[in-house]
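Residue numbers run from 1 in the order of the sequence given. A quick note: this is a predicted structure, and the numbers were derived from the prediction, not measured.
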Amino acid sequence: PVFGSLNHEITQKGHVRLYAFLCEVMVEQRLNYSTMLYAMQLFDQVLARYENFQKEQILVLGSACLTLACKLEEIYVRRMLYKSLILHLN
């Protein structure tokens, strides 16, 4: 993973926290595992490009990456996914 290369606020612990969050949403919404991995890959790519990313924004960015991954990977994206993400972020 690319975390920590440019951005020193995102630690391995934060990366693991995001992974656990995405796994929870993946199971709850019955998403493909490959979708979650693609979301993590997108997350790492964003971290590699932006230095000013703060650790408080990990779950927000992870949710955005999961949404994009679902649009690209999943055949059918449930509306409940967005409600689930909002509930988990609050």
Side-chain angles (χ1 to χ4, degrees):
V2 195
F3 62 92
S5 59
L6 291 178
N7 194 328
H8 300 290
E9 278 199 56
I10 307 298
T11 62
Q12 185 174 5
K13 184 178 179 181
H15 205 264
V16 169
R17 181 176 172 217
L18 174 65
Y19 182 81
F21 167 72
L22 292 180
C23 282
E24 189 176 325
V25 173
M26 178 192 75
V27 168
E28 185 178 293
Q29 295 298 315
R30 298 183 188 126
L31 301 174
N32 293 323
Y33 185 69
S34 61
T35 303
M36 196 267 307
L37 292 178
Y38 190 60
M40 290 299 293
Q41 182 182 19
L42 289 171
F43 179 81
D44 287 338
Q45 289 175 5
V46 171
L47 282 186
R49 293 179 189 199
Y50 295 101
E51 293 183 36
N52 321 358
F53 197 77
Q54 299 169 354
K55 64 182 178 182
E56 293 81 24
Q57 299 172 320
I58 290 175
L59 296 182
V60 175
L61 177 61
S63 297
C65 291
L66 182 61
T67 301
L68 286 173
C70 284
K71 295 276 186 187
L72 296 171
E73 294 284 317
E74 296 289 327
I75 295 171
Y76 176 71
V77 180
R78 298 184 189 113
R79 290 183 185 192
M80 291 300 294
L81 170 67
Y82 306 111
K83 290 181 183 177
S84 177
L85 289 173
I86 290 169
L87 288 175
H88 283 289
L89 289 174
N90 288 331

Quick check for you: to the nearest 0.5 Å, what is the distance between Ile58 atom CD1 and Ser63 atom OG?
11.5 Å
How long is the gap from CG on Leu31 to CG on Leu22, to the nearest 0.5 Å?
9.5 Å
Spatial distance of atom CD (Gln41) from atom CE (Met36) [nearest 0.5 Å]
12.0 Å
Closest non-hydrogen atoms of Tyr38 and Glu73, given as atom of the first, atom of the second and distance, are CD2-CG, 4.1 Å
CG on Leu66 to CD on Gln29, rounded to 0.5 Å
9.0 Å
Taking side chain as C-beta onward, heavy atoms only, is Leu59 less than 4.5 Å from Arg17?
yes
Closest heavy-atom pair, Gly62 versus Phe43, reported as atoms and distance to 0.1 Å, is N-CD1, 4.2 Å
If hydrophobic clusters are built by linking Ile, Leu, Val, Met, Phe, Trp and Tyr wherever their side-chain heavy atoms come under 4.5 Å apart, do Val16 and Leu18 end up in the same one?
no
Taking all non-hydrogen atoms of both residues, which atom of Ala39 and which atom of Cys65 are closest, and how far apart?
O-CB, 3.5 Å
Nearest heavy-atom contact between Asn32 and Met26 is O-SD, 3.9 Å
Using the rule that Ile, Leu, Val, Met, Phe, Trp and Tyr join whenever any side-chain heavy atoms are under 4.5 Å apart, tell me whether Tyr33 and Phe21 fall into a single cluster.
yes
Stepwise, does the side chain to side chain contact (heavy atoms under 4.5 Å, CB included) test hold for Gln45 with Leu42?
CA-CA 5 Å; Gln45 289 175 5; Leu42 289 171; 4.2 Å; yes
